[in-house]
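The structure appears right after this line, and notes come after that.
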Amino acid sequence: MAHLVLLPILIPLVGAMIGLLVRERRPLQTAWTLGTMLTSLASSLWLLWAVWQTGQPVVFHSGGWLAPFGIVLVGDLLSALFVVMTQLVMATGIIYALGSQDKVVTYPTFFPLFLTLATGLTGAMLTGDLFNLYVFAELLVISGTVLTAVSDDKYGTEAAYKYFYISLLASFFMLLSIGSLYISYGTLNMADLAVRVAADGSRPLLLPGIAFLMAAFMVKSAVFPFHFWQPDFHTAAPTAVSAMLSSVVVKLGVYGFLRMTTLLFVEQSPQIRAVLLALGVIGVVFGGLSALGTHNVKRMLAYSTLAQVGFILVGIGWGTPLSLAAAIVFAFNHSLIKAAMLMLAGYIASRASVKSAAFAVVTGVGRPLPAAGVLFFLGSLALAGIPPTNGFVSKALLFTSGIDAQGMWPLFLIGLASIFTLMYTIRAFQRIWWQAPAEGISTKSTGDQLIAPVILLALILALGVWAEPLVAVAQAAGTALGDPAIYIHAVLGG
Amino acid sequence: MELVTAVAVGFLFAIGVFQMLRRNVIRSVIGLMILANAVNLFLLSTGAYDGLAAAYTTATDMRSDALPQALILTAVVISLGGTAFVLAMLYIISSRYQTADMDEVNGLKN
């Protein structure tokens, strides 16, 4: 049973290796990649089911070395849910790439890199060891950067360079944090570290360790002062990749903050939460305003990610079990919505005369494409949080938990700022589907396929109408996060 | 010995950060490499002064901690791969823009 937690990491990793071996035979490679990803998704659903049924985290001690000494992989409700989210969106990303006209998807290493991206993200969420988290995060960063650097967009390399440079700096922050925590407490196992930090919070290097770790996760999630690389990077990446980067990859930092405030540094969490709350509110307002001022659909959606991650951080910042559950639901739903929206933006760009998502190029392109218009409109409703979509569920939960947590000022500000969401998505919708195209702009007859965004929007509507299972799992996860002893007991035993 | 290590780590950090802030892209990558070494040296110092003897000897003294060295080994390999990749991208960028000035590599700005 404990081996279950290995499957979502091992399946894509082995799949990537075999995918490299069959790179000469493209039909085989694409079928293999899709099959691998779907198998992996099934295994992560199985993991979530197992954790949900037993109510206990699944712990795997690698190499048979018991907890504080060996590396452990831990699948508790939070990480299992995040892994399901990751692999679900990754699977639709592969489906989008299969129907894409981009030249980049024909490169022999494209699909294996996609699988290593999934491996890195899944591994970072399932590991119970800080250094192992760093290694998986590096795998994720390198895969994502390579996928962007080979983009059809001629500025792909420039954006990838920017991102990689900042990410290497973030990795240094993480290593500094690992060193500071190791010299203070002599362990890197997250559960063991939590016990020792709780026992003695007076070590001089503890606060620098926390600050460095926060900086690292903020770069990963593109939180407000560390966001500057994100719009460029997400605009220049190939559509299938940018849909992953802007939806699930930014959730790694969110996951890290959840773990930091509820497991590693419980004593210090009020200060961490205050910072997250402030930065989250700034991110919501700043991201909304920036998205209003852009001239490119993809860039608008990238800024919108900044705002939506801000909402999640506000939920973590309130820190009650209910608001943690709301943050988890918000993270899950936002991944689906943002991936669908970016795929639709990429679809429109693939139909435009020049392959670009700039408003100057795509204005009026949507007129012969009503199906995509309906999908984009539904996605806009979801992003703005209007029923019957899952965006409404996540916003309703978040605002309820905010009233519950007495966080009136942040609630007021983010409530006001969520109007921006409606403004910029509807503006994009009007320009693409309502306005008449400019002289000489025509819609191409072929382009990317719509299967992946249709799947995602079906899920968005389904989770909007029938939200109980997700909310129940998230609430159980939020309650479990309120008691770090559950995680610690499962890992260290005794 | 502690003092020498501390000064060396601090000095490497200072040079690394200074080079990173230069406008020349090549200099900023060199700054990144120096910073990687500074971080690795810092990691090494977290385990170096616990014991007196090397980690895997038959000596009966108190041994030093081997874990930070294993961590550095991994970090070095990762930063090697990262540096190689950064240099490859730098090569493409510098040949495309025909410049090493960071302010002129601004295709994404427009």
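Please read all numbers here as calculations on a predicted model, not as lab measurements.
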Handout entry: From OG (A:S171) to CG (B:L35), nearest 0.5 Å
Key = 11.0 Å
Completion exercise
So, the part of B:I92 with a heavy atom under 4.5 Å from chain A: the answer is side chain
Practice task
Sort B:A36 into side chain, backbone, both or neither according to what part of it lies under 4.5 angstrom from a heavy atom of chain A.
Solution key: both
Exercise for the section: Examine whether an atom of A:L175 lies under 4.5 Å from a heavy atom of chain B, and if so say whether it belongs to the side chain, the backbone or both; otherwise answer neither. Expected result: both
Handout entry: Nearest heavy-atom neighbours spanning B:L32 and A:F172
Key = O-CE1, 3.7 Å
Exercise for the section: Flag the one option from A:L188, A:D153, A:T145 with the top tally of heavy-atom pairs under 4.5 Å to chain B. Expected result: A:T145
Problem - Under 4.5 Å from any heavy atom of chain B - which part of A:S184 - result: neither
Completion exercise
All heavy atoms of A:F131 vs all of B:A75, minimum pair found to be CZ-N, 4.4 Å
Handout entry: Derivation of the side chain to side chain contact (heavy atoms under 4.5 Å, CB included) call for A:Y161 and B:V29
Key = CA-CA 11 Å; A:Y161 178 79; B:V29 169; 3.2 Å; yes
Practice task
Ignoring hydrogens and angles, tell me if any N or O in the side chain of B:R96 forms a donor-acceptor pair with the backbone of A:Y155 under 3.5 Å.
Solution key: no
Handout entry: Heavy-atom contact with chain A under 4.5 Å, split by part of B:F13
Key = side chain
Fill in the blank from the handout: Closest non-hydrogen atoms of A:T157 and B:I93, given as atom of the first, atom of the second and distance, are O-CD1, 4.0 Å
Problem - Interface moiety of B:L71 toward chain A, non-hydrogen atoms closer than 4.5 Å - result: both
Practice task
Assess whether side chain to side chain contact (heavy atoms under 4.5 Å, CB included) is satisfied between A:Y182 and B:L67, documenting all intermediate values.
Solution key: CA-CA 10 Å; A:Y182 185 73; B:L67 186 75; 3.4 Å; yes
Problem - Largest heavy-atom contact set with chain B, pairs under 4.5 Å, which of A:V146, A:I142, A:T235 - result: A:V146
